[in-house]
Amino acid sequence: MSKAIDYIEENLDKEISVDEAALIACYSTFYFKRMFACITGISLSEYIRLRRMTQAAFERLRTDQLDKGDMAVDFEDEKILHTEFSFITWYTYCAEGEFK
């Protein structure tokens, strides 16, 4: 399982293949998802979302901006990105691109 988590961590900025992660962990995709949730306490998709948001938070601290192009977060709608980021980090995104 740890090798599968390493794969996920190394590919947060890319499309993550659940099938590939399951293969690395030597489980079927179905069983991998169940085992992942049992071990971590959250679903695989939630883990990936939270890790990507964590990267966004570090990027925000580094640049004082939340720039979709510079982050390893794949959101189609930038408004959703900022809503998710605010929910997880407690930062409020302002129209000027700053946070408070």
Side-chain angles (χ1 to χ4, degrees):
M1 188 62 74
S2 65
K3 288 182 181 182
I5 291 173
D6 290 342
Y7 162 78
I8 292 166
E9 291 293 324
E10 291 169 6
N11 292 287
L12 286 173
D13 60 338
K14 302 175 188 120
E15 185 69 32
I16 295 174
S17 168
V18 177
D19 294 332
E20 181 71 22
L23 184 65
I24 291 168
C26 299
Y27 294 123
S28 69
T29 302
F30 175 79
Y31 194 67
F32 173 71
K33 288 180 181 180
R34 293 192 71 172
M35 287 299 297
F36 189 92
C38 184
I39 291 169
T40 63
I42 59 175
S43 70
L44 177 61
S45 59
E46 183 71 4
Y47 177 85
I48 293 169
R49 186 179 71 85
L50 289 172
R51 286 295 297 122
R52 287 178 172 165
M53 283 292 116
T54 301
Q55 283 192 331
F58 282 118
E59 182 66 20
R60 181 258 175 242
L61 290 172
R62 189 178 70 79
T63 65
D64 203 32
Q65 296 288 316
L66 184 58
D67 183 9
K68 182 181 175 192
D70 291 340
M71 293 184 309
V73 183
D74 186 19
F75 287 91
E76 293 179 16
D77 185 349
E78 197 160 336
K79 185 175 181 180
I80 294 172
L81 166 65
H82 293 296
T83 301
E84 289 286 323
F85 184 81
S86 296
F87 176 75
I88 291 171
T89 64
W90 297 59
Y91 280 101
T92 303
Y93 180 73
C94 303
E96 300 82 35
E98 298 178 353
F99 296 87
K100 57 181 180 176

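Every heavy atom of this structure was used, including side-chain atoms; hydrogens, water molecules and symmetry mates were not. Since this is a predicted model, take the numbers as computed values, not measurements.
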* Asked: For Met1 and Ile39, what are the C-alpha separation, side-chain angles and deciding distance, and is it a side-chain contact (heavy atoms from CB on, under 4.5 Å)?
  -> CA-CA 9 Å; Met1 188 62 74; Ile39 291 169; 3.9 Å; yes

* Can you tell me how far the CD atom of Glu20 sits from the CZ atom of Phe32, to the nearest 0.5 Å? -> 10.5 Å

* Atom CD in Glu9, atom CD1 in Ile48: separation rounded to 0.5 Å? -> 9.5 Å

* Asked: Which pair of heavy atoms, one from Leu12 and one from Arg52, lies closest together, and at what distance?
  -> O-NE, 2.7 Å

* Structure fact -> Note: Ile5 and Phe36 closest approach over all heavy atoms is CG1-CE1, 3.8 Å

* Enumerate the residue pairs fulfilling ring pair (Phe, Tyr, Trp, His ring centres under 6.0 Å) with a member in residues 7-29, sequence neighbours excluded, ordered by first and then second residue. => Tyr27-Tyr31

* For Ile16 and Asn11, work out which heavy atoms get closest and say how close. => CG1-O, 3.3 Å

* Asked: Considering all heavy atoms of both residues, which atom of Ser43 and which atom of Ala37 are nearest to each other, and what is their separation?
  -> CA-CB, 4.4 Å

* Contacts of type side chain to side chain contact (heavy atoms under 4.5 Å, CB included), residue Thr29, not counting sequence neighbours -> Val18, Asp19, Ala22, Lys33

* Establish whether Met35 and Leu23 are linked, either directly or via other cluster members, by ILVMFWY side-chain heavy-atom contacts under 4.5 Å. => no

* Going from OG on Ser28 to CZ on Arg34, what distance comes out if it is rounded to the nearest 0.5 angstrom? -> 10.0 Å

